[in-house]
Structures are given as C-alpha cells and as structure tokens.
Amino acid sequence: MLTRQLSLSAPIIFFVYLFQEAVVNQFKLPGGGFSLFMIFALLWAVISTPEIAALTGFAAGILMDMSQSSGGPVGQWTLIMILVCYGVSYLGYGDGNINGNPIGVIFFVVTANLGAKISFLISGILLGVATGSFSQILLTLVGNSIWTIVITPIVLPVFSYLHNLVFETRSSL
Amino acid sequence: MRYGGESRTRLLLIILIVTALFLITLDLRGVSILNGARQGTQTVLSPFQKAGSVVISPFKNFVTDVTHLGRTRSQIEKLRADNAKLRATLLNRKNADAQLQQLKSVLDLAGTASYKIVNVRVISQGSSQSFSQTVTIDSGSNAGIKKNMTVLSQTGIAGVVKEVYPTTALVMLATDPSFKIGVRIAGTQQIGILSGRGTRSGSLQLLDNLTTVKAGDVLLARGSVANRPFVPGVPVGSVTSIDNSAGQIAQSGAVRFYTDFSSLGVLAVVVGAPVNNPGDALIPPKPVPTPMPTVTVYVTPSPSPTN
C-alpha cells in the first residue's frame, strides 16, 4: 500500500519540482517571490500521516538541495524539510480542526514555511553559509510569507485533490 | 496525536535524519559525488528551464512590467525626455550644418576679393509692420562694425548696415524699397542704379541711354567713395528682363538678387575694403544646364494589305 502511494506521489512531486524550476523561478517577483514546491511539500505533509510527511519532506528536501539555486550544502534542506514536514503532520494529524479545515491548513503551511526558512538561515549560519544583510533577510521572510498566504489558498484545492487521488483516505478540501 | 504506528515512524524519522546529516557531512567534506548529483540535476532541468523561459517570456514580461510599473513609467518618461533632447540636438545640428555651409560660402566670397570681414549671425528678422526689410545681426560696434558698411551673404550682396549698437546691428536688406546701390554690368562696365522693391527682384535703371543690356547680364557693385556704404566688385544679381518701352530716356529692367533673403543665417560685414578693386573676380559661375533626356522611338511599319 505504502509502495503504491509513494510510487504515485513521486511523479507528482517531481512534476511540481520541475514546474518550480522551469516556470516559477523565471519570475522575478517582489519580496523574494514564493516557492510553489515548498508550499506543495508542506501542504502534502499537513494532510498526510507523519510517516508519509517525513518521507515527503525527505524527497522534497533532496530535490531542493539538488537545485542549482540552493546555497547550502547538500542535506541541509533535506534535514530541515524532514523535521518541518514531520512536525506539521505530527501536530495536526487526526485533528479535524487543523487538517480538515482549509484555514487551518493554510495557517500551518504559512507558519511551517516561515519556520523552515528561519531554520535554514540559522543552520546556514552554523554551517558557515553567507546569508546577506539583516534587512534583506527580513524583507525576504516577510515577502515570502505574504506570497505563501496568497498562493496557498489558490493551490490548496488542486493539491488536496491530487492527495485524495493518491491516498484515498480523506475528502478533498 | 492519535497516530498509531509511532515506533515505526520514529524509526523512519531517525533514519531520514541520519541520512540527511550524512549527506551534509559528505558535502562539507567535499565528496565529489554530491556535486556530480547536483550538476546532473541541473543538466536534466536545463532543457525544461530553457523551454519554460521561451514559453512564458511574454507573460514574464507582463508580470515584470506590472511589478515594476512605477519604475517602467519613470523609465518611459526618461526615454521620452532623452528622445526630445536628441531631436533638439539633431535639429540644432542640421541648423549648424546649414550655417556652416553659409559661412564657408561667405568666407570664399570674401576671401576671393580680399575683403576684411566680420562674420555675423542673423538673430532676428525685422518687423514688417514698418514696411522696411531689415535683419538684426549679433555683432555691433564692439566688433568693429560701423554704420554704412556692406553686408555680404554667401552669394552676393545682402544689404547695408543701417544702425549700430555695441553688440548688435541693424542691416537694411537689399530688398528694402529704400535701398539703392550703384551697379555696373560685368564685362561691358555699363553703370546703373539698382533699387529694392520689397521682393527678391530689384529694379535697374541704366544711366546711359546709348548702352544696351540683355537678360542674363551680371551686375556687380560699383563701389562707393571710401568704400562706404558699398565696396566694389560684390555680386548683386542678374538681369532677368529689359523694358524697351519707347519714350524712355534710358533702359530699365528687372534684376534678380543672388541672395536668397528668405534663408539668411550667416552674413559677413565688410569692415575693410581690398587695396585693389577685385573687378569681375566675384562673378558667380553660370549654372550648368541639366541635360534633358531624349527618347527616340523607332517605328517599323507593318506590311499592309494592298488592294
């Protein structure tokens, strides 16, 4: 069962990653833009079991680390995404007020997105990665969060529908 | 938390975290296989990125325009201002080129006759309300210009200095109705008086009733006492028509001035006459007639039936 779900999830994850790299990254949006792939991974994790969420985080992190635009060492995003995805799934799992409610899901995604970015910054500093000026970091964090708030409600029905198709365990949001 | 398979999940989580830490360690230790993996990923992605760039280019430009609306607008305004400035520069350049050509011609004319001149620019056309025809030039007594000095254009006489101020001067054009100049016909040396008529065409009155003049004859300034107001030898115009009416004491005719008074830009005021009279040296060359193309048609009669 898990193998089937993972084999179905893999092409979806890869397609969203491809879309992120080939299309979304082409736009130079104000405030640093957004990461559709991260939104997807976090959404997927929020509405999945912690086990699936951890695996999703791992796959998403690996792909993010493989991206040319990733500044940190390979494995940094992997570690962060595993923890964040598992965390949001663990906190919300079984609670219908969170993962059964679109607003709750959006809140979790936005918070997790911000948490992941901050974790990446902190771990990057610890690993000796240059992070830029404080004002620029603040602007990026705020801008990215606003973009996430805007984009997540738009893509939520699509990703929820796909999740439902793959796992057939929950009704789509 | 009501999830059941906690131990399996925790085990999975630990494995994944250890894997991630292992990857970080490998990368920080410079294991080349990870760099190779990143490069391989980029190799796979690059065709998609190129395709995506081409496909979404119009939309990307639109989004960029929207997000940089204020900047784009200011850039457009700046480009418009630059464009206007360049147009003005180009216009000034054309004007300067035309004036340069006029100046060159004036210098050629004055140099041939060894006139000592002061180059001036026309800065104002005189008002026509007083029915006089004058221009204001940008030099005056400070440049050595005095009243009753000859003013040259690039092709011949333009007028005479009427009033002088420290930095400007008023020039009465040869077309002014009150303008009169003593002229002689090049070659025959017959003399007459040319008067302005308000147009480019002047009125010629010959003084000797025994002389004859014909259309096309060139008129030159005869010169005045002490070379003021007119220096000798300046081309004035050419005869265009002769009035041979009976009862006239002497011949008269119409003369077309060489100077084009509608496009006066650069002039020269003769402040010093030549030691020797230039004579007919300043006669402008006759225009070369443009050959008219001729068409010859050969017609071969077709054989007609005979009855």
Side-chain angles (χ1 to χ4, degrees), chain A residues 2 14-15 17-31 33 48-59 61-70 72-83 85-87 89-96 123-124 126-129, chain B residues 1-57 59-71:
Chain A
L2 187 65
F14 188 73
F15 175 78
Y17 176 72
L18 203 62
F19 189 78
Q20 169 72 35
E21 294 290 322
V23 178
V24 179
N25 281 356
Q26 304 276 347
F27 295 102
K28 188 173 173 58
L29 297 168
S48 298
T49 61
E51 193 177 352
I52 296 293
L55 286 169
T56 303
F58 178 78
I62 285 280
L63 289 173
M64 287 166 73
D65 277 327
M66 290 297 141
S67 172
Q68 201 74 0
S69 56
S70 173
V74 176
Q76 188 182 359
W77 269 122
T78 310
L79 179 64
I80 291 165
M81 287 302 286
I82 290 166
L83 294 173
C85 286
Y86 178 81
S89 179
Y90 183 83
L91 289 173
Y93 187 76
D95 189 345
S123 59
L126 292 174
L127 291 168
V129 179
Chain B
M1 173 67 188
R2 287 178 285 276
Y3 181 61
E6 284 184 30
S7 56
R8 195 180 69 171
T9 305
R10 281 178 187 164
L11 180 64
L12 176 68
L13 186 64
I14 289 166
I15 292 171
L16 293 176
I17 288 172
V18 169
T19 308
L21 290 172
F22 181 65
L23 287 173
I24 292 171
T25 309
L26 286 179
D27 190 81
L28 291 177
R29 289 178 69 88
V31 176
S32 59
I33 191 168
L34 292 180
N35 290 333
R38 197 174 257 180
Q39 285 174 6
T41 308
Q42 189 56 34
T43 307
V44 172
L45 285 175
S46 61
F48 294 100
Q49 287 173 330
K50 283 177 186 170
S53 175
V54 172
V55 170
I56 66 167
S57 177
F59 188 66
K60 189 168 71 175
N61 292 339
F62 172 75
V63 171
T64 307
D65 286 347
V66 169
T67 53
H68 298 91
L69 196 57
R71 204 182 304 171

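Order of the sequence lines sets the chain letters (A, B, ...), proteins ahead of strands, with each chain counted from 1.
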Novice: Checking side-chain contact (heavy atoms from CB on, under 4.5 Å) between F58(A) and each of L16(B), I17(B), L12(B), L13(B), which is the one that passes?
Specialist: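 The residue from L16(B), I17(B), L12(B), L13(B) that satisfies side-chain contact (heavy atoms from CB on, under 4.5 Å) with F58(A) turns out to be L16(B).
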Novice: Nearest heavy-atom pair of G75(A) and I24(B): which atoms, and what distance?
Specialist: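 Here G75(A) and I24(B) meet closest at C-CG1, 3.3 Å.
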Novice: Checking side-chain contact (heavy atoms from CB on, under 4.5 Å) for the pair L127(A)/L28(B): CA distance, chi angles, key distance, verdict?
Specialist: CA-CA 9 Å; L127(A) 291 168; L28(B) 291 177; 3.6 Å; yes
Novice: Specify the closest pair of heavy atoms between M66(A) and T41(B), including all atoms of both residues, with the distance to one decimal.
Specialist: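 For M66(A) and T41(B), the tightest heavy-atom pair comes out as CB-OG1, 3.5 Å.
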Novice: To the nearest 0.5 angstrom, please state how far the CG atom of D27(B) sits from the CG atom of D65(A).
Specialist: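 Result: 8.0 Å between the selected atoms.
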Novice: Which region of L83(A), side chain (C-beta onward) or backbone (N, CA, C, O), has a non-hydrogen atom less than 4.5 Å from a non-hydrogen atom of chain B, or is it both or neither?
Specialist: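 When you check distances to chain B, only side chain atoms of L83(A) fall under 4.5 Å.
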Novice: Are the side chains of T78(A) and T19(B) in touch, meaning some heavy atoms are under 4.5 Å apart?
Specialist: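 They are not in side-chain contact.
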Novice: Do the side chains of L23(B) and I62(A) get nearer than 4.5 Å, heavy atoms only?
Specialist: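 Yes - at least one pair of side-chain heavy atoms lies under 4.5 Å apart.
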